[in-house]
K.L.:
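So that we are looking at the same thing, I have put the structure below in structure tokens.
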Amino acid sequence: MIDVVIAGAGPNGLMLACELALAGVRPLVLERLAEPVDEQRANGLVGQVIRMLDRRGLYERLTEPGAVPEPAPGFVFGAFPLALHDLPDNSLYVLPVPQRRIEKMLAERAAELGVEIRRGHEVTGLTQDEHSVRIGIRDREPIEAAFLVGADGGRSTVRKLTGIEFPGITEDDSVSHSGHVSVDPELIGDDGGLTVPGFGVVPPFQHLRAENGLFTWAPFPHDVPKVSAVEWDQPAEGETSFDALRAAASRVLGVDVPIAQPAGPGPHLIRRLFGGNTRIAARYRAGRVLLLGDAAHVHSAIGGPGLNMGLQDAVNLGWKLAAEVRGHAPAGLLDTYESERSPVARRVAMHTQAQSLLTRPGGDVTALRELFGELLDHPSVRQHIADLLSGADAGYDMGPAAGPLVGRWAPDLPGLRELTRTARPLLLDPTGDLDAGPWAPYVDAVTVPELDTALLLRPDCYVAWQGATDDGLHKALGTWFKPA
């Protein structure tokens with residue numbers, strides 16, 4: 001019997017596969033599509049997940065050898081420019097890299113770790129009992145596994161087969177056009193801004209709100225530039241085409257936008273979406289079946305939180321599921337996946353809905369934006385929003401453990417990037433005198449003289465205990481790890 005089957009070879013499913021493999025579990029990944037999708041989807045990574053990838057040694061694979069993440073000097077929130085350069089603790093990181101590159105990198109890493117990926121395998125049914133899950137595959141023999149994880153997107157077959165409800169709201173009054181374009185280089189300024197004759201300069205990577213809609217100009221480095229236009233109260237009809245994109249962009253800005261179809265063989269993105277959904281699964285787990293990423297939550301893409309949340313779902317679930325498979329999990333550990341990650345999904349749903357509202361047309365929204373713009377003059381407000389967007393404000397309840405860092409993501413420390421690449425729990429001890437007792441086989445104890453206090457880090461880099469002596473250490477270890 002297979003330990004864990006993951007349905008879906010997107011970034012979230014592949015990240016989970018890597019985390020399981022690092023923890024000593026060999027998962028099997030099933031993907032419905034015969035070949036990887038080459039079309040453009042997400043445009044990059046935003047938030048704490050960039051630092052998480054760095055702590056797994058994966059950031060350099062998407063950038064260059066020796067590269068280290070740096071906080072972004074600015075971002076965007078609800079079509080407002082968000083200045084971050086003056087914040088005392090800027091937590092927002094941005095990495096503009098196409099999703100297909102992220103998937104390719106994670107697939108290569110999974111292969112290095114011995115993960116098997118079977119393409120052309122579509123999950124069509126499942127039954128489960130207290131010991132295993134029997135998974136039906138189209139035109140193939142069923143597979144039996146100890147656990148099944150649905151990482152198969154917002155229309156998740158696994159979620160539907162399991163009977164988990166997906167409550168939320170659907171908005172159907174907007175039409176979004178997006179696509180790759182080519183632009184006369186003379187119209188692009190040194191800062192990447194696009195000069196639109198008759199309108200002015202459109203800043204790069206900003207949501208520009210106009211009275212007729214929302215416009216975005218995204219000149220991605222080392223990739224084809226992208227334009228998107230969102231309109232409200234437009235008919236949901238017609239064919240997706242470049243001409244439709246150009247016409248929508250011109251309606252939003254009120255002038256002809258100087259864009260042309262991109263050169264080269266492609267494939268080039270051209271997409272139209274009607275409305276949107278904000279939904280969160282009623283449960284993340286049903287017996288031996290769990291949901292991951294978009295299968296568990298969908299929301300507006302504004303601000304790019306999707307991969308940040310989904311990949312961190314995978315990092316949170318990976319070590320817990322591996323402990324359950326290997327018999328190292330204390331009672332209730334696997335259920336903390338939902339109790340920790342579901343509130344994060346609700347918080348992302350909240351701020352993406354708020355941002356979407358701020359971008360809508362209308363005099364009432366204009367008044368709201370005037371007030372919100374005044375609030376953004378205060379650094380404390382921008383710090384709050386940066387932490388919200390990055391996920392740095394997402395602390396977990398660590399039970400009886402105490403200390404200002406407990407339940408928070410571990411701060412950057414000397415050598416931590418190298419220590420966390422194995423995805424093992426870490427006991428960072430400034431004295432070297434702390435004893436992990438019967439949990440020692442599962443925890444790497446490292447002497448770090450630079451620290452003022454000892455820290456116990458879970459594999460997902462969250463602080464589970466903090467102290468100067470071993471008081472409370474064993475209790476914290478017992479909460480998250482089963483003694484040998």
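Treat the numbers as computed from the prediction; the structure is a model and nothing was measured.
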K.L.:
Work out which heavy atom in Gly150 is nearest to a heavy atom in Ala295; give both atom names and the distance.
P.N.:
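Looking at all heavy atoms of both residues, the closest pair is O-CB, 3.4 Å.
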K.L.:
What pairs of residues pass the side-chain hydrogen bond (donor to acceptor under 3.5 Å, both in side chains) test when at least one of them lies in residues 399-419, not counting sequence neighbours?
P.N.:
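Only Arg51-Asp412, Asp54-Arg417, Arg55-Asp412 qualify under side-chain hydrogen bond (donor to acceptor under 3.5 Å, both in side chains).
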K.L.:
Salt bridge or not for Arg100 and Asp223, using N-O below 4.0 Å?
P.N.:
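Yes, charged N to carboxylate O under 4.0 Å.
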K.L.:
Rounded to the nearest 0.5 Å, what separation is found between the CG atom of Asn277 and the CZ atom of Phe166?
P.N.:
8.0 Å
K.L.:
Is there a donor-acceptor pair closer than 3.5 Å between any side-chain N or O of Gln383 and the backbone N or O of Asp89?
P.N.:
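Between the backbone of Asp89 and the side chain of Gln383 there is a qualifying donor-acceptor contact (under 3.5 Å).
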K.L.:
For Glu165, look at atom CD and say whether over 12 heavy atoms of other residues, nucleotides or ligands are found less than 6.0 Å away.
P.N.:
no
K.L.:
Mind checking the CG-OG1 spacing from Leu208 to Thr359? Nearest 0.5 Å is all I need.
P.N.:
11.5 Å
K.L.:
Run the numbers on Asp86 and Arg382 for salt bridge (Lys or Arg N to Asp or Glu O under 4.0 Å), then give the verdict.
P.N.:
CA-CA 10 Å; Asp86 60 341; Arg382 286 183 277 118; 2.7 Å; yes
K.L.:
Is the gap between the ring centers of Phe372 and Phe77 under 6.0 Å?
P.N.:
yes
K.L.:
For Tyr284 and Ala345, work out which heavy atoms get closest and say how close.
P.N.:
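Reported closest heavy-atom pair: OH-CB, 3.4 Å.
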K.L.:
Tell me if a side-chain donor or acceptor on Glu60 pairs with a main-chain N or O of Gly66 at a distance below 3.5 Å.
P.N.:
yes
K.L.:
Hey, is CZ on Arg369 packed in by over 12 heavy atoms from elsewhere, all under 6.0 Å?
P.N.:
yes
K.L.:
Holding to side chain to side chain contact (heavy atoms under 4.5 Å, CB included), I want the full list of residues that pass it with Arg119, two or more places apart in sequence or in another chain.
P.N.:
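Applying side chain to side chain contact (heavy atoms under 4.5 Å, CB included) to Arg119 gives Ala9, Glu31, Pro36, Ile117.
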K.L.:
Taking Arg209 for the side chain and Arg360 for the main chain, is one N or O donor matched with an acceptor at less than 3.5 Å?
P.N.:
yes
K.L.:
One pair to check against side-chain contact (heavy atoms from CB on, under 4.5 Å): Asp429 and Val448. What are the steps and the verdict?
P.N.:
CA-CA 6 Å; Asp429 179 6; Val448 185; over 6 Å; no
K.L.:
What I'd like to find out is whether the side chain of Trp465 reaches to under 4.5 Å of the side chain of Trp480, using heavy atoms alone.
P.N.:
no
K.L.:
Decide yes or no on side-chain contact (heavy atoms from CB on, under 4.5 Å) for Val123 and Arg32, but give the supporting numbers first.
P.N.:
CA-CA 7 Å; Val123 174; Arg32 176 179 60 85; over 6 Å; no
K.L.:
Does Gly154 offer a backbone N or O that forms a donor-acceptor pair with the side chain of Arg159 under 3.5 Å?
P.N.:
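Checked: pair present.
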K.L.:
Please determine which of Gln353, Arg279, His351, Met309 meets the side chain to side chain contact (heavy atoms under 4.5 Å, CB included) test together with His299.
P.N.:
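Among the candidates, only Met309 passes.
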K.L.:
So, does Arg271 use its side chain to make a donor-acceptor pair with the main chain of Ser178 at under 3.5 Å?
P.N.:
no
K.L.:
What distance separates Leu14 CG from Ile6 CD1, expressed to the nearest 0.5 Å?
P.N.:
8.0 Å
K.L.:
Applying the side chain to side chain donor-acceptor pair (under 3.5 Å) test to Asn316, which of Glu338, Glu340, Glu19, Arg341 qualifies?
P.N.:
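Result for side chain to side chain donor-acceptor pair (under 3.5 Å) with Asn316: Glu340.
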K.L.:
Can you check whether Pro203's main-chain N or O pairs, donor with acceptor, with Trp217's side chain at less than 3.5 Å?
P.N.:
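It does not hold such a pair.
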K.L.:
Indicate yes or no: at least one non-hydrogen side-chain atom of Val257 is less than 4.5 angstrom from one of Phe215.
P.N.:
yes
K.L.:
Between the side chains of Arg101 and Glu103, is the shortest nitrogen-to-carboxylate-oxygen separation below 4.0 Å, so that they form an ion pair?
P.N.:
no
K.L.:
Return the minimal non-hydrogen interatomic distance between Pro361 and Glu211, and the atom names on each side.
P.N.:
CB-O, 3.3 Å
K.L.:
State whether the side chain of His177 and the backbone N or O of Ser228 hold a donor-acceptor pair below 3.5 Å, judged by distance alone.
P.N.:
no
K.L.:
Is it the case that the side chain of Arg288 and the backbone of Leu148 share a donor-acceptor pair, with hydrogens and angles ignored and the cut-off at 3.5 Å?
P.N.:
no
K.L.:
Could Lys320 and Glu324 be called an ion pair, given the rule that one side-chain N must be under 4.0 Å from one carboxylate O?
P.N.:
no
K.L.:
Who passes ring pair (Phe, Tyr, Trp, His ring centres under 6.0 Å) against Phe147, sequence neighbours left out?
P.N.:
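In terms of ring pair (Phe, Tyr, Trp, His ring centres under 6.0 Å), with neighbours along the sequence ignored, Phe147 is linked to no residue.
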K.L.:
Please check: side-chain N/O of Asn308 versus main-chain N/O of Ser390, any donor-acceptor pairing under 3.5 Å?
P.N.:
yes
K.L.:
If you take all heavy atoms of Met52 and Asp460, which pair is closest and at what distance?
P.N.:
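Of all heavy-atom pairs spanning Met52 and Asp460, the closest is SD-O, 3.9 Å.
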K.L.:
Give a yes or no on whether Arg424 atom CZ has more than 12 heavy-atom contacts from other residues, nucleotides or ligands under 6.0 Å away.
P.N.:
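Yes, CZ of Arg424 has more than 12 neighbouring heavy atoms, counting only those of other groups under 6.0 Å.
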K.L.:
Where do Leu214 and Ala79 come nearest, in terms of heavy atoms and distance?
P.N.:
CD1-CB, 4.0 Å
K.L.:
For His328 and Tyr442, I'd like to know if the aromatic rings sit close, meaning centre-to-centre distance below 6.0 Å.
P.N.:
yes
K.L.:
State, to 0.1 Å, how close Pro81 and Gln206 come at their nearest heavy-atom pair, and which atoms those are.
P.N.:
CA-OE1, 3.4 Å
K.L.:
With a 3.5 Å distance limit and no angle check, can you tell me whether Asn12 reaches the backbone of Leu311 through a side-chain donor-acceptor pair?
P.N.:
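It does hold such a pair.
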K.L.:
Is Arg347 salt-bridged to Asp393, going by a charged N under 4.0 Å from an acidic O?
P.N.:
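Answer for the salt bridge query: yes.
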K.L.:
May I ask you to check whether His85 and Asn90 show a side-chain donor-acceptor distance below 3.5 Å?
P.N.:
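On atom types as modelled, these side chains do not qualify, holding no pair under 3.5 Å.
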K.L.:
Please report the interatomic distance CG(Leu455) to CG(Leu428), rounded to the nearest 0.5 Å.
P.N.:
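Output value for this atom pair is 5.5 Å.
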K.L.:
Calculate, to the nearest 0.5 Å, the distance between atoms CG and CG belonging to Leu416 and Leu426 respectively.
P.N.:
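Between Leu416 CG and Leu426 CG, I get 7.0 Å after rounding to 0.5 Å.
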K.L.:
Is the number of heavy atoms from other residues, nucleotides or ligands under 6.0 Å of Glu112 CD greater than 12?
P.N.:
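Correct, the count exceeds 12.
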K.L.:
Can the positive tip of Arg285 be found less than 6.0 Å from the middle of the six-membered ring of Tyr337, inside 45° of the ring normal?
P.N.:
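No, a cation-pi geometry is absent between Arg285 and Tyr337.
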